[in-house]
Enquirer: 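Handing you this structure, nothing more for now.
Letters A, B, ... are given to chains in the order of the sequence lines, protein chains preceding strands, and every chain is numbered from 1. This is a predicted model, so every value here is computed, not measured.
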Protein chains: 2
Amino acid sequence: MLSFIEQIKLSHGSGRGLDNLLEEIVLPILFPGNTEPMEDAYLIEKQSLFPVKTPYKKLAFTTDSFVVQPLEFPGGNIGKLAACGTINDLAMMGASPKLMSVSLIIEEGLSASLLQKILKSLYETCQAAGIKIACGDTKVVDKGKADGLFINTAGIGVVPKGRNLSVSFAKPGDLVFLSGGIGLHGIAILAARKNLHFASQAISDCNPLNGLVDALFSITPEIHTLRDCTRGGCAAVLNEISKASDVSILINQEDIPVPEVVQGACSFLGMDPLSIACEGRFIAILPKKSPSETKSILESFRKLPHAHDAAIIGHVVEKQSFPVMIQTNIGGIRMVETPPGELLPRIC
Amino acid sequence: MLSFIEQIKLSHGSGRGLDNLLEEIVLPILFPGNTEPMEDAYLIEKQSLFPVKTPYKKLAFTTDSFVVQPLEFPGGNIGKLAACGTINDLAMMGASPKLMSVSLIIEEGLSASLLQKILKSLYETCQAAGIKIACGDTKVVDKGKADGLFINTAGIGVVPKGRNLSVSFAKPGDLVFLSGGIGLHGIAILAARKNLHFASQAISDCNPLNGLVDALFSITPEIHTLRDCTRGGCAAVLNEISKASDVSILINQEDIPVPEVVQGACSFLGMDPLSIACEGRFIAILPKKSPSETKSILESFRKLPHAHDAAIIGHVVEKQSFPVMIQTNIGGIRMVETPPGELLPRIC
């Protein structure tokens with residue numbers, strides 16, 4: 001098999017670099033002939049693997065490895081993040097998280113008390129989200145052959161009847177809902193890693209999202225797409241939805257909730273808040289609503305924890321030359337691209 | 001929480017060192033209050049998570065991370081190993097492997113062609129074992145922060161009705177069945193890593209075991225325990241069974257199939273073949289049989305691929321002062337201990 005990539009680079013870890021690595025090397029080998037869009041979790045359809053009776057129509061199965069640096073950051077640590085990552089991937093398919101596996105790769109020399117602290121965060125996050133740790137594995141590698149600790153989690157969830165979500169279900173006219181202010185996780189990691197005092201107020205948004213997703217389904221039962229804004233931020237997610245659904249998306253800069261510390265850091269560093277990763281925010285694509293329905297959804301949702309600045313940030317339109325466009329505060333329209341890979345490596 | 005371990009050492013990666021790390025730190029936090037023995041996979045009982053109709057009574061769920069060095073070795077590579085590890089953990093609970101997740105942690109600088117070769121091995125092993133790759137994740141870390149490639153796999157399997165296995169089900173009088181000659185994986189890794197010419201004939205036994213397990217169930221439908229002899233080799237597995245089942249185990253040195261190259265390398269290096277890891281051999285604890293039944297089971301099983309030297313190597317006895325004992329070729333009896341951790345790190 002011919003490949004244009006000769007050596008893996010750090011920039012292959014996120015954004016367009018990751019897209020290239022996946023499309024050139026990983027996906028053709030592991031998923032040959034697949035034409036389905038990439039979802040956050042694999043859905044096990046009723047009857048295909050084993051018959052599942054009501055009230056659950058499908059199971060969901062997902063995995064993520066976590067290599068974040070530093071291992072501890074304001075608002076969390078790699079343990080909390082590893083739990084949230086898998087819980088949230090399940091939640092984005094509408095699944096209630098049920099079982100998690102936890103696999104540790106420990107670098108020789110890691111302090112036992114730090115390991116304990118991290119595992120406690122992981123456990124407590126699972127408890128809070130109602131997911132059971134079912135199985136695990138522990139490996140130790142020589143000093144200098146890892147980076148303190150890597151954690152893999154995989155998860156199984158059950159999808160309640162009536163929930164039918166996909167990154168490919170966005171339709172022209174749909175609303176783009178954002179669950180809260182963006183970029184806090186990425187800026188918190190950046191500040192901790194580079195010791196940036198001007199961004200030291202940033203606290204990661206890292207949190208389990210299954211409760212908020214359940215709440216949103218109660219408020220508005222029809223949801224077309226859910227996706228959490230992790231690597232590549234909202235910019236990557238909106239581009240993924242646009243591509244998989246064969247539509248364009250138009251968002252309004254003035255409607256996007258950007259916390260002050262994120263705005264400040266991004267202005268100073270020349271970064272776009274839309275490209276900064278969150279670990280506790282999601283985009284929902286909702287079918288078209290009247291203004292009063294929209295207002296009522298937002299009012300109900302904003303009462304929930306971590307959701308006070310949820311917003312409708314735009315809408316889906318027929319496919320145009322640009323997949324994702326933003327109406328800027330100064331009146332122009334520009335394209336929103338999936339960020340390249342090297343912006344902020346190893347944020348999760 | 002008080003811990004006697006202050007820093008993780010390489011010796012915490014296997015054998016008694018791993019037992020200590022798990023018992024002091026990992027298990028009390030992730031599985032508080034658990035008194036069940038550790039199995040190779042978590043069983044999802046019918047009705048507890050969702051109702052599952054016949055013909056499957058239970059699902060199984062497991063995970064493993066792979067950090068083997070070198071990435072390629074005689075008889076396989078980390079991709080084949082990562083597929084076999086999860087397939088075999090499911091098979092050891094009697095489950096037919098159905099779905100696998102694959103998560104990559106790639107060190108910057110890994111050659112793309114090596115990555116492709118490894119992923120192809122992983123995929124082909126899954127195809128051969130009938131397990132579908134359902135989902136995945138890819139992370140890249142900076143040069144010097146990993147060791148080429150780490151792979152995590154997690155798996156879901158379904159347990160056919162009538163199969164009810166546990167490491168705690170061994171009973172006095174039961175037979176100890178071994179599926180084939182031991183130690184080839186560990187010696188192949190050692191030879192490749194240390195460039196040991198006298199052991200260069202060793203080809204890893206790394207292989208999916210679900211076919212052999214299905215065959216053994218056809219030959220003899222009642223099996224109490226299955227466990228593959230990975231980290232710590234047969235010595236660790238026999239000690240785990242003895243502990244969980246509250247019995248002792250007596251094996252006969254003359255009945256244990258040890259390939260010539262393994263025997264030679266172990267004699268030269270002063271190692272015990274029982275402590276050397278396999279990645280394609282399992283121990284089965286079978287209920288007591290007549291000599292003619294035993295003979296017929298062995299004759300049928302030995303016709304299968306990779307199984308020509310399968311053997312009954314001993315039997316289970318009432319609990320005695322030593323958990324596992326071996327009748328040696330020179331007529332004595334000695335204790336067989338779980339090996340300490342540092343013997344051969346990173347064999348899987």
Enquirer: With a 4.5 Å cut-off on heavy-atom pairs, point out which of Ala134(B), Gly148(B), Ala154(B) contacts chain A the most.
Expert: Ala134(B)
Enquirer: For Leu10(B) and Asp142(A), work out which heavy atoms get closest and say how close.
Expert: CD1-N, 3.6 Å
Enquirer: Give the minimum heavy-atom separation between Arg231(A) and Asp137(B), together with the two atoms involved.
Expert: NH2-OD1, 3.0 Å
Enquirer: Angle between ring planes, Phe150(A) versus Phe150(B), binned at 30° and 60°: parallel, tilted or perpendicular?
Expert: tilted
Enquirer: Take Ser103(A) and Asn152(B), measure what side chain to side chain donor-acceptor pair (under 3.5 Å) needs, and give me the verdict at the end.
Expert: CA-CA 8 Å; Ser103(A) 184; Asn152(B) 175 280; 3.3 Å; yes
Enquirer: For Ile133(B), is it the side chain, the backbone, both, or neither that has a heavy atom closer than 4.5 Å to a heavy atom of chain A?
Expert: both
Enquirer: Determine whether a donor-acceptor pair (N or O, by modelled atom type, separation under 3.5 Å) exists between the side chain of Asp147(A) and the backbone of Lys145(B).
Expert: no
Enquirer: Tell me, for Leu122(B) versus chain A, whether the close heavy atoms (under 4.5 Å) come from the side chain, the backbone, both or neither.
Expert: side chain
Enquirer: Where is the tightest heavy-atom contact between Cys135(B) and Thr62(A), given as atom of each residue plus distance?
Expert: SG-CA, 3.6 Å
Enquirer: Kindly compute the distance separating CD1 (Ile25(A)) from CD (Gln116(B)), expressed to the nearest 0.5 Å.
Expert: 4.5 Å
Enquirer: Pick from Lys143(B), Lys132(B), Gln69(B): which one has the most heavy-atom pairs with chain A under 4.5 Å?
Expert: Lys132(B)
Enquirer: Under a 4.5 Å cutoff for heavy-atom pairs, which residue among Val26(B), Leu115(B), Leu30(B) has the most contacts with chain A?
Expert: Leu30(B)
Enquirer: Picking from Arg346(A), Glu107(A), Glu124(A), which has the most non-hydrogen pairs under 4.5 angstrom with chain B?
Expert: Arg346(A)
Enquirer: Can you find a heavy atom in the side chain of Lys139(A) that is under 4.5 Å from one in the side chain of Asp64(B)?
Expert: yes
Enquirer: Grab the two heavy atoms, one from Leu21(B) and one from Ile106(A), that are nearest each other, plus how far apart they are.
Expert: CD2-CD1, 4.1 Å
Enquirer: Quick one: which of Gly144(A), Gly109(A), Ser111(A), Gly136(A) has the most heavy-atom pairs under 4.5 Å with chain B, could you say?
Expert: Gly109(A)
Enquirer: Hey, could you give me the CG/OG1 distance between Leu22(A) and Thr138(B), rounded to the nearest 0.5 Å?
Expert: 5.0 Å
Enquirer: Find the one option among Ala146(B), Ser113(B), Cys348(B) whose heavy-atom pairs under 4.5 Å with chain A are most numerous.
Expert: Ala146(B)
